[in-house]
Protein chains: 2
Amino acid sequence: MLSKSEENYLKEIYALSESSKEVVNTSLLANKLATKSPSVTEMLKKLAKKNLLKYEKYKGVKLNTQGKSIALGIIRKHRLWETFLVDKLNFNWDEVHVIAEQLEHIQSDQLTDRLDEFLGFPTMDPHGDPIPNKKGQVIKINKTPLFNMGISEEGVFIGVKSSSDSFLKYLSKNNISIGCKIKIISIEDFDNSLKIEINNLRFNISKDVAQNLYMEVK
Amino acid sequence: MLSKSEENYLKEIYALSESSKEVVNTSLLANKLATKSPSVTEMLKKLAKKNLLKYEKYKGVKLNTQGKSIALGIIRKHRLWETFLVDKLNFNWDEVHVIAEQLEHIQSDQLTDRLDEFLGFPTMDPHGDPIPNKKGQVIKINKTPLFNMGISEEGVFIGVKSSSDSFLKYLSKNNISIGCKIKIISIEDFDNSLKIEINNLRFNISKDVAQNLYMEVK
DNA sequence: TATAAATATTAGGAAAGCCTAAATAATTGT
DNA sequence: ACAATTATTTAGGCTTTCCTAATATTTATA
């Protein structure tokens, strides 16, 4: 049985190796986990001894099969709980992350699986992130940042890249929610801001925002 | 913010002071918390310094208003989660305690209150124990152990004293569930075992069992 | 009531997870 | 290529929560 701290390390290593490079380095981890690098080094040694990852001094770290499977299990729980909070308890999608960070460490496979069933075996969480199934399999969706689409192209908003509080609040405020159709009207040369159309309503969003909206283009 | 360990101490002190005497002693606590007495002494000092209880060396411990309120909050969460697990996720009542011991430490008043609402503001958990409301108020039910009832008296089974795994399993096996009517037919002089009637079905239960069934007699 | 038994506390230490400061390795710029 | 910079690790300490062994207090008993 792993500690909460160990679980958080595995989860973060997994997330970083997915988003950036294969091999994760110490300082990035320290930064993400709001801790200092000596603590990271120490923990990496420990997790390596437990055979959950491959760690080479000064060379970074990479989860092995077992470590990855545990990380996926935690992510599965996190996203199922987020779904529960939004679907059943009527939380807003920008309120659930912090609570799910606690709930993801509850240890009971039976609970996880029954929650999954109770929610109707969802494949996406409220932020559009895929929920790994019981076997740790993740549905790979074909998503493009809105920013990569062309003028007059249209797509469906299916997920966010950043789940930061401020970004999610921004989206709520502007009525941009998962599932809505967005069309690019024009792109401003100067600052790369975009004019978009949602429900026949046109407005501008910054490049920053456009890079954090994942779209599905048919 | 209190640690999980601190919360467990408060919860256990509260439970013991309710069931047995006002003032709780060190070794009983150590026993219940599966720890050793020096650890208890140490923690009591700490909680006393935090002004959650009154502790006098060699004299035992007693929660003050604040400590009691925190304890009730944890019990509230525990029993709400148990209710959730049984009502919504279809767990059996003998499976939920261990999981609820984890869930009771999740820190989010908003979550607790929304869960409460989602469950329809229940007043009893699956074991017949009262669920404190948001203000920490507990409905006091008038319950008597079945063993204290007289011959040919009838009552409704409304809760258990012991929530031990083996006892709950025993009840399930014998179809004794919360809400069912039980009548005492006779009492055996020799071992104090009882012949009871449920749904026109008569069978024997031991004194031990009868002492752990809480009844409501009209 | 003096002493034995039971109970509680103190003393000192361990593991986990964090920290700062110092040392070492890797990378980068010229 | 090698000095300067940056990243990483080692060394040593701190806090929390637990432990065992030793000591002190209370309670029970002769």
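Predicted model only: the values in this text are computed from it and were never measured. Chain A is the first sequence line, chain B the second, and so forth, proteins listed ahead of strands; every chain is numbered from 1.
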What residues, two or more places apart in sequence or in another chain, satisfy ring-ring contact (aromatic ring centres under 6.0 Å, His included) together with H97(B)?
H78(B)

Output the rounded distance in Å from CG (L28(B)) to C1' (dA6(C)).
15 Å

Start with the C-alpha gap between M149(B) and V217(B), add the side-chain angles, then the distance that decides, and say whether side chain to side chain contact (heavy atoms under 4.5 Å, CB included) holds.
CA-CA 9 Å; M149(B) 288 166 47; V217(B) 187; 3.8 Å; yes

Sequence neighbours excluded, which residues qualify as side-chain hydrogen bond (donor to acceptor under 3.5 Å, both in side chains) partners of S164(B)?
S162(B), S166(B)

Mind checking S39(B) for me? I need base, sugar-phosphate or nothing, with any heavy atom below 4.0 Å counting as a touch.
base

Whole-Å distance separating the OH atom of Y9(A) from the C1' atom of dA16(C):
11 Å

Taken to the nearest whole Å, CE/M43(A) to P/dT10(D) is 16 Å

What does nucleotides 9-15 of chain C look like as a protein-contact string, B for base, S for sugar-phosphate only, - for none, at under 4.0 angstrom between heavy atoms?
BB-----

Would you please name every residue forming a side chain to side chain contact (heavy atoms under 4.5 Å, CB included) with N148(A), sequence neighbours left out?
T144(A), P145(A)

Kindly write out the residues that satisfy salt bridge (charged side-chain N to carboxylate O under 4.0 Å, His left out) with R79(B), not counting sequence neighbours, or none if the list is empty.
D125(B)

Residue set satisfying side chain to side chain contact (heavy atoms under 4.5 Å, CB included) with E56(A), at least two apart, ordered chain then number -> K54(A), K59(A)

Expressed as a whole number of angstroms, how long is the span from E7(A):CD to dA16(C):P?
16 Å

Would you say a side-chain N or O of S5(B) is under 4.0 Å from OP1 or OP2 of dT16(D)?
no

Under 4.0 Å from OP1 or OP2 of dA7(D): is there any side-chain N or O of N25(A) that close?
no

Figure out the NZ/P separation between K36(A) and dA16(C), and round it to whole Å.
23 Å

In whole angstrom, give the distance that lies between atom CD of E6(B) and atom P of dT15(D).
15 Å

